[in-house]
Amino acid sequence: AQSVTQPDIHITVSEGASLELRCNYSYGATPYLFWYVQSPGQGLQLLLKYFSGDTLVQGIKGFEAEFKRSQSSFNLRKPSVHWSDAAEYFCAVGDKAAGNKLTFGGGTRVLVKP
Amino acid sequence: DTAVSQTPKYLVTQMGNDKSIKCEQNLGHDTMYWYKQDSKKFLKIMFSYNNKELIINETVPNRFSPKSPDKAHLNLHINSLELGDSAVYFCASSQALGQPQHFGDGTRLSIL
């Protein structure tokens, strides 16, 4: 069965500093990978996705992620964090063979210091 | 216009009651989903429908019954509510299987 691990439960970063959120997955074939962001009291918004091709994918709000098959990782990065980036971030793997079911990691809460 | 809308946004009720949550999407998507997010923010798929046909049914108590009257709607009915049902329930939709999912804002269900 597929699984997703986000090792960091909380990350605190200063505004303007870089951010990297880790995500490791377990899946038998080439995965569909996603990063979602959830602001307090809101639903999930898609930041970016990887299906195939270029392993460095660009998303919205200045985020990017790199798929590394050898490490089973799909880490999310942003070069310069803004206060509005404070939120919960979820990595997910999509199971193509099971109706596009998404399996989510436990999430990483990002706090931004002024 | 809201793409995926859920009603109600908040639902407070007593143990043993029956309640429904409605979901509608105006994106023209073929596939809709229900997820449950617990108090620790863990998200888990419950159900998925593709063109009104049930395609995912995870190990969810049979007190939970989804209904899809048409491909733009996927409602969730819950019988005999229990304390452990307290959570945020998210509806989502995607254009087709394998495509990114768009989420509603969630329904926060609190059982007294």
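Throughout, a chain's letter reflects where its sequence line sits, starting with A, and its residues are numbered from 1. What you see is a predicted model, and the numbers here were worked out from it, not measured in a lab.
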dist A/Leu102:CG -> B/Ser48:OG (nearest 0.5 Å) comes out at 9.5 Å

Chain A shares the most heavy-atom pairs under 4.5 Å, among B/Lys40, B/Gln6, B/Gln37, B/His102, with B/Gln37

Practice prompt. Verify the cluster assignment for A/Val57 and A/Phe67: are they in a single hydrophobic cluster under the rule of side-chain heavy atoms below 4.5 Å apart?
Written response: yes

request  = Identify whether B/Tyr89 and B/Val4 are in the same connected component of the hydrophobic contact network (ILVMFWY, side-chain heavy atoms under 4.5 Å).
outcome  = no

Could you give me the CA-CA distance, side-chain angles and deciding distance for B/Gln99 and A/Tyr32, then say whether side-chain contact (heavy atoms from CB on, under 4.5 Å) is met?
-> CA-CA 9 Å; B/Gln99 295 301 309; A/Tyr32 289 167; 6.0 Å; no

Practice problem: Evaluate whether atom NZ of A/Lys49 has more than 12 neighbouring non-hydrogen atoms of other residues, nucleotides or ligands under 6.0 angstrom away. | Solution: no

Short side-chain to backbone donor-acceptor contact, A/Tyr36 and B/Gln101, under 3.5 Å
yes

Is atom CD1 of A/Ile9 surrounded by more than 12 heavy atoms (other residues, nucleotides or ligands) closer than 6.0 Å?
-> no

The interface call for A/Leu44 against chain B, heavy-atom contacts under 4.5 Å, is both

Cut-off 4.5 Å, heavy atoms of chain A, and the answer for B/Lys44 is neither

Take atom CD of A/Glu20 as the centre, draw a 6.0 Å sphere, and report whether it contains more than 12 heavy atoms from other residues, nucleotides or ligands.
-> yes

Distance col, row B/Lys41:NZ vs A/Gln38:CD, nearest 0.5 angstrom, shows 5.0 Å

So CG of A/Asp95 and CD1 of B/Ile56: to nearest 0.5 Å the spacing works out to 8.0 Å

Honestly, the part of B/Leu43 sitting under 4.5 Å from a heavy atom of chain A is both

* Asked: Quick check: are there more than 12 heavy atoms from other residues, nucleotides or ligands sitting under 6.0 Å from CD of A/Gln58?
  -> yes

| task | Spell out, yes or no, whether B/Phe103 and B/Met32 are grouped together once hydrophobic residues are joined by side-chain heavy atoms under 4.5 Å, including indirect joins. | result | no

